[in-house]
**Student:** 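Sharing a structure here in structure tokens format.
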Amino acid sequence: MCGELRKAHVGQKVFLAGWVDRRRDLGNLIFIDLRDHTGMTQVVVSREKDPEAHEKGEQVRSEFVVGVEGEVLERSAETVNAQVATGEVEVRARRLLILNEAKTPPFAIEDETKTAEETRLRYRYLDLRRPRMQERLRLRHRAALAVREHLSEHKFVEVETPFMTRSTPEGARDFLVPSRIQHGKFYALPQSPQLFKQLLMIGGTDRYFQIVRCFRDEDFRADRQAEFTQVDIEMAFPEREALFEIIEGLMEKLWALAGVQIERPFPHLTYDEAMERFGSDKPDLRFGLEWRQIAVPAAAREKLRLFESLKAMRLPKLAEISRSQLDRLQDFARTTSADWFSYFKVSGRGIQSPLGKVIGDEAVKALAEGIGAEPGDLVLLLGIKKSGTTSPRTTRSSADRRLDEASGVLRLEAARRFELIPKGGWHFAWIVDFPMFEFDEKEKRFNAMHHPFTSPQEEDLEKLESDPGDVKALAYDLVLNGSEIGGGSIRIHRQDIQRRVFKALGMTEEQARARFGFFLDALEYGTPPHGGIALGFDRIVALLSGESNIREVIAFPKTASAVDLMCEAPAEVDSRQLDELGIRIK
RNA sequence: GGGGACGUAGCUCAGUUUGGUUAGAGCGCAUGCCUGUCACGCAUGAGGCCGCGGGUUCGAGCCCCGUCGUCCCCGCCA
């Protein structure tokens, strides 16, 4: 192959085939860099020595597909190219075959491209020729192999589940597929194989996995596509920690592909803790900034009595930050869900803060002591005003939740602005004990935070009816450097509890039957306790490749408006096709 | 659904501030010369619906309105 020739091959006869990366025509001597996925080799064609090959060489252009028959020559000392792995040798072409011509490509096939993504996607087959894209596809392949190997070792079996299934109105919007045989009826593409994997557990396949495509008809982002790939995993008789161990072992193997040894075991954070300390259920733990809920100091109680909730965060060594930077941070804080932002700086000379004028220096000092501020610290403060809302109780009040949200956004923004995020470093964490439900303020009802098949925690069962907002679920997320790369739960395996959860979600018995009747039936035939997790395969491969956009690790991705620019999908169809399906476009 | 950025040669961009004659650059491409190049070099040349539609104006790449596309974010994504 093109990238494999070394000094040891000197003198051998070889046949190479590949794409013309570059041609350098010196007249009577032509150099051709021949490329395949393994790399490049320089081919020399001389008019004097090989006139026929030389004549072909004159016709060759970028991206022509050519075959070369010749021998490996050692380059003289002056002509060695140390930049290239094959730079000590070259191939003298005795015969040159043009296997196929090529139009001039719309952009150069090289790693350092500035070409607009739109153009790259339109000509994805050319974009994929870039060595970096080849590396990513191959990394993805090795990651898939590692998944299959690791899970097989742990006695999991890969089972395929249907892509044409039944629409379930829970969760994301479904992609629908019309039925020709039964007009007016539709299949849905799965948002995930959730029910199927649970049915596999009931079906005695007690350890299942699948590298599987999932479909969600929602709006897209850098880390979200209309179709994406999950590593879907489920096991019967699950111990949460045993599952975590299997997954951590898998992460270890995956990161080894990138030459990284990760630290295990991963720390556990409860959801409440993550929200309070980091303002996020997917905290970026690469940097140590943490919020603390604080009490209003007695001296300031009068002035700050409007506040229901206050949080403070220490930023060590940032006391020298300029006033204008803080003003800009304040502008940013105003765009968050918090009602109030302030700060103080602690230096050898004491505490400086615009807050002193409002609540008095003594009160600021009390605040500083309250959170253990030290000289050199910049301390940011966020507050939420008291309000009269009457949402049902959840583990944290709605003011707390607004404050958490703002604190999470501000923490990330401050870390970015003040360049506190270290390069490299992989900080995994398990987020556990998620709330079972979240309250939908618009619809005035509870939704399942994970999904409606997640088991409530044993000790919270009695609150399912009386105080659903306070019920914790046996749900967990796997988080890495601030992104969620997986999530799962221990499932409900008892029909009576499943019914109660549906009821808490505001579903009547009839609605539950209509949507999930087959599943409720199945639960009655000896369902083993079971649970699992789904990992975001695209996100994982993207992180392994150092990319923040999953399009970079998907061979043929779609744009943010769910369009395939290369094949121009979606597209209109013949009216005959619509007729057969009994569909008329409004 | 909302907000922001971008759209000029095949590619990447300048030109838009302050409307004015023939819209530029680098790379790529074509042709010629060149036997040690490797981002080859040198010379010559071709290449433009300034995203699209409307408007203002004597005159629009530039101003106004609309629209389409791409990217990022919010909502959404159990």
Side-chain angles (χ1 to χ4, degrees), chain A residues 21-34 40-50 54 57-58 61-63 73 75-84 86-87 90 92 103-110 112-123 126-127 168-174 191-192 194-195 214-226 228 335-337 405 409 412-413 434-438 440-442 446-454 473 475 477 484 487-489 501-502 505 534 536 548-549 551 558-563 565 568:
Chain A
D21 196 72
R22 252 197 181 86
R23 185 187 70 137
R24 290 177 294 280
D25 185 350
L26 273 58
N28 291 321
L29 198 64
I30 300 173
F31 295 97
I32 294 169
D33 291 336
L34 196 63
M40 277 197 278
T41 286
Q42 174 166 283
V43 174
V44 208
V45 200
S46 152
R47 192 198 303 269
E48 188 190 324
K49 291 182 191 150
D50 306 288
H54 186 270
E58 287 184 313
R61 294 294 181 271
S62 282
E63 299 308 313
L73 303 180
R75 295 202 203 175
S76 65
E78 326 79 82
T79 61
V80 162
N81 184 347
Q83 320 286 323
V84 189
T86 58
E90 62 194 0
R92 170 187 167 188
K103 285 168 71 171
T104 303
F107 51 86
I109 311 300
E110 57 196 11
E112 295 310 322
T113 185
K114 282 198 207 157
T115 308
E117 199 178 0
E118 195 174 346
T119 313
R120 291 176 52 205
L121 289 178
R122 201 173 301 281
Y123 299 93
L126 296 178
D127 191 42
T168 55
E170 293 288 320
R173 199 175 291 116
D174 284 321
Q191 297 171 26
S192 82
Q194 183 59 35
L195 288 175
C214 302
F215 307 85
R216 294 181 189 173
D217 188 3
E218 296 292 346
D219 289 344
F220 310 115
R221 288 286 197 294
D223 61 351
R224 282 181 0 214
Q225 283 269 303
F228 62 99
T335 67
T336 68
S337 56
E405 191 194 318
V409 174
L412 284 179
E413 187 65 21
F434 275 80
M436 184 76 190
F437 306 103
E438 57 192 345
D440 186 329
E441 301 281 349
K442 255 185 278 164
F446 283 100
N447 280 324
M449 192 152 178
H450 185 56
H451 59 56
F453 314 105
T454 298
D477 275 357
E484 181 200 326
S489 62
V501 168
F502 282 150
L505 289 167
S548 55
N549 196 313
R551 288 190 297 271
K558 293 180 177 53
T559 68
S561 44
V563 169
L565 292 174
E568 298 183 309

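Chain naming here is simple, since letters A, B, ... match the order of the sequence lines and numbering starts at 1 in each.
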**Student:** Which listed nucleotide (B:C29, B:A30, B:C72) is nearest to the side chain of A:Arg61?
**Tutor:** B:A30

**Student:** Of the nucleotides B:C40, B:C76, B:U70, which one has an atom closest to the side chain of A:Thr559?
**Tutor:** B:U70

**Student:** Does A:Ser561 make a side-chain N or O approach to OP1 or OP2 of B:U70 shorter than 4.0 Å?
**Tutor:** yes

**Student:** What nucleic acid atoms does A:Ala222 come within less than 4.0 Å of, heavy atoms only: base, sugar-phosphate, or nothing?
**Tutor:** sugar-phosphate

**Student:** Counting side-chain heavy atoms from CB outward, which of B:C11, B:U37, B:C38 is closest to A:Phe31?
**Tutor:** B:U37

**Student:** Tell me: CG of A:Asn81 to C1' of B:U37, nearest whole Å?
**Tutor:** 10 Å

**Student:** Where is the tightest heavy-atom contact between A:Arg551 and A:Lys558, given as atom of each residue plus distance?
**Tutor:** CD-O, 3.5 Å

**Student:** Please report, rounded to the nearest Å, how far the C1' atom of B:G28 is from the NZ atom of A:Lys114.
**Tutor:** 14 Å

**Student:** Would you mind pulling out the nucleotide paired to B:G61, Watson-Crick or G-U wobble, both distances under 3.5 Å?
**Tutor:** none

**Student:** So what does A:Glu48 hit on the nucleic acid, given a heavy-atom distance under 4.0 Å: a base, only sugar-phosphate, or nothing?
**Tutor:** base

**Student:** Return the pairing partner of B:G75 with a 3.5 Å limit on both distances, Watson-Crick or G-U wobble; otherwise return none.
**Tutor:** none

**Student:** Using a 4.0 Å heavy-atom cut-off across all strands, classify A:Asn28 as base, sugar-phosphate, or nothing.
**Tutor:** base

**Student:** Let me know the distance between OH of A:Tyr123 and C1' of B:U70, rounded to the nearest Å.
**Tutor:** 15 Å

**Student:** Rounded to the nearest Å, what distance is computed from the CE atom of residue A:Met40 to the C1' atom of nucleotide B:U37?
**Tutor:** 14 Å

**Student:** Would A:Phe107 pass as stacked on B:C11, i.e. its ring centre under 5.5 Å from the base's six-membered ring centre and planes under 30° apart?
**Tutor:** no

**Student:** Contact class for A:Glu90 vs. all strands (heavy atom < 4.0 Å): base, sugar-phosphate, or nothing?
**Tutor:** base

**Student:** Using the C1' atom in both, what is the distance from B:U67 to B:G28, to the nearest Å?
**Tutor:** 33 Å

**Student:** Expressed as a whole number of Å, how far does the C1' atom of B:G24 sit from that of B:G15?
**Tutor:** 8 Å

**Student:** Let me know the distance between CG of A:Asp25 and P of B:A30, rounded to the nearest Å.
**Tutor:** 11 Å

**Student:** Starting at atom CG of A:Asp21, determine the distance to atom P of B:G28, rounded to an integer number of angstrom.
**Tutor:** 13 Å

**Student:** Quick one: is B:C71 close enough that its OP1 or OP2 comes under 4.0 Å of any side-chain N or O from A:Asn549?
**Tutor:** no

**Student:** Can you figure out which of B:C29, B:C34, B:U31 approaches the side chain of A:Thr104 most closely?
**Tutor:** B:C29

**Student:** If I take atom OG1 from residue A:Thr86 and atom CG from residue A:Leu34, how far apart are they, to the nearest 0.5 angstrom?
**Tutor:** 10.0 Å

**Student:** Here's a test of your reading of the structure: between A:Asn447 and A:Ala560, which maps to the more 5' nucleotide of RNA chain B?
**Tutor:** A:Ala560

**Student:** Check A:Gly27 against A:His54 and note the closest heavy-atom contact, atom names and distance.
**Tutor:** O-NE2, 2.9 Å

**Student:** Has the side chain of A:Asp219 got a donor or acceptor atom sitting under 3.5 Å from an opposite partner on the base of B:C76?
**Tutor:** no

**Student:** Got a salt bridge between A:Asp219 and A:Arg224, using NZ or NE/NH1/NH2 to carboxylate O under 4.0 Å?
**Tutor:** no

**Student:** Would you measure the distance from the C1' atom in B:G2 across to the matching atom in B:U18 and give it in whole Å?
**Tutor:** 34 Å

**Student:** For the side chain of A:Arg216 and the base of B:C77, is some donor closer than 3.5 Å to an acceptor across the two?
**Tutor:** no

**Student:** Do A:Ile109 and A:Glu63 make a side-chain contact, defined as non-hydrogen atoms from C-beta onward lying under 4.5 Å apart?
**Tutor:** yes

**Student:** For the side chain of A:Arg22, counting heavy atoms from C-beta on, which of B:A39, B:U70, B:C71 is nearest?
**Tutor:** B:A39

**Student:** Considering only atom P, compute the distance from B:G20 to B:A60 and round it to an integer number of Å.
**Tutor:** 11 Å

**Student:** Assess the residue pair A:Phe228 and A:Arg216 against the criterion (side-chain contact (heavy atoms from CB on, under 4.5 Å)); give the C-alpha distance rounded to whole Å, side-chain angles, the decisive distance to 0.1 Å, and a yes or no.
**Tutor:** CA-CA 9 Å; A:Phe228 62 99; A:Arg216 294 181 189 173; 3.7 Å; yes

**Student:** Shortest non-hydrogen contact from A:Phe220 to A:Ala562?
**Tutor:** CE1-CB, 3.3 Å

**Student:** Taking any strand in view, what nucleotide pairs with B:U44 in a Watson-Crick or G-U wobble way, both distances under 3.5 Å?
**Tutor:** B:A30

**Student:** Taking atom types as they are modelled, would you say the side chain of A:Arg75 forms a donor-acceptor pair with the base of B:C38 within the 3.5 Å cutoff?
**Tutor:** yes

**Student:** Scan every strand shown for a Watson-Crick or G-U wobble partner of B:C13, both distances under 3.5 Å, and answer none if you come up empty.
**Tutor:** B:G24

**Student:** Take atom P in B:C64 and the same atom in B:G7, then report the distance between them in whole Å.
**Tutor:** 15 Å

**Student:** Determine the interatomic distance between P on B:A14 and the same-named atom on B:G51; round to the nearest Å.
**Tutor:** 13 Å

**Student:** Let's test this: given Watson-Crick or G-U wobble pairing with both distances under 3.5 Å, identify the partner of B:C50.
**Tutor:** none

**Student:** For the P atoms, the ones on B:A46 and on B:G26, what distance do you get once it is rounded to whole angstrom?
**Tutor:** 15 Å

**Student:** If you check the A:Arg221 side chain, which of B:C72, B:G36, B:C73 turns out closest?
**Tutor:** B:C73

**Student:** How long is the gap from CZ on A:Arg221 to CG on A:Asn549, to the nearest 0.5 Å?
**Tutor:** 12.5 Å

**Student:** Does atom CZ of A:Phe215 have more than 12 heavy-atom neighbours, drawn from other residues, nucleotides or ligands, at distances under 6.0 Å?
**Tutor:** yes

**Student:** For A:Arg92 and B:G36, give me the distance from atom CZ to atom P, rounded to whole Å.
**Tutor:** 17 Å

**Student:** Of the nucleotides B:U35, B:C77, B:C11, which has the atom closest to the A:Thr115 side chain?
**Tutor:** B:C11

**Student:** Can you tell which of B:A39, B:C72, B:C77 lies closest to the side chain of A:Arg551?
**Tutor:** B:C72

**Student:** Find the distance A:Leu126:CG to B:G28:P and express it as a whole number of Å.
**Tutor:** 18 Å

**Student:** Starting at the 5' end of RNA chain B, which residue's closest nucleotide do you reach first, A:Gln191 or A:Ala116?
**Tutor:** A:Ala116

**Student:** Considering every strand shown, what is the Watson-Crick or G-U wobble mate of B:A5 when both distances are under 3.5 Å?
**Tutor:** B:U70

**Student:** B:C34 base to A:Arg47 side chain: any donor-acceptor pair below 3.5 Å?
**Tutor:** no

**Student:** Just call it for A:Pro106: base, sugar-phosphate, or nothing, with non-hydrogen atoms closer than 4.0 Å on any strand.
**Tutor:** sugar-phosphate

**Student:** Within the 4.0 Å heavy-atom criterion, would you say A:Asp217 contacts the bases, only the backbone, or no part of the nucleic acid?
**Tutor:** nothing

**Student:** In the structure shown, which nucleotide is the Watson-Crick or G-U wobble counterpart of B:C38, with both distances under 3.5 Å?
**Tutor:** none

**Student:** Could you measure between the two P atoms, the one in B:C50 and the one in B:C11, and give it in whole Å?
**Tutor:** 15 Å

**Student:** Which nucleotide in the list B:C34, B:C38, B:C76 gets nearest to the side chain of A:Glu218?
**Tutor:** B:C76

**Student:** Under 4.0 Å: is that the gap between some side-chain N or O of A:Arg24 and OP1 or OP2 of B:U37?
**Tutor:** no

**Student:** Can you find a donor-acceptor pair, distance only, under 3.5 Å between A:Glu118 side chain and B:G51 base?
**Tutor:** no

**Student:** How long is the gap from OG on A:Ser46 to CG on A:Leu26, to the nearest 0.5 Å?
**Tutor:** 11.5 Å

**Student:** Within the structure shown, what part of the strands sits under 4.0 Å from A:Glu78 by heavy-atom distance: base, sugar-phosphate, or nothing?
**Tutor:** nothing

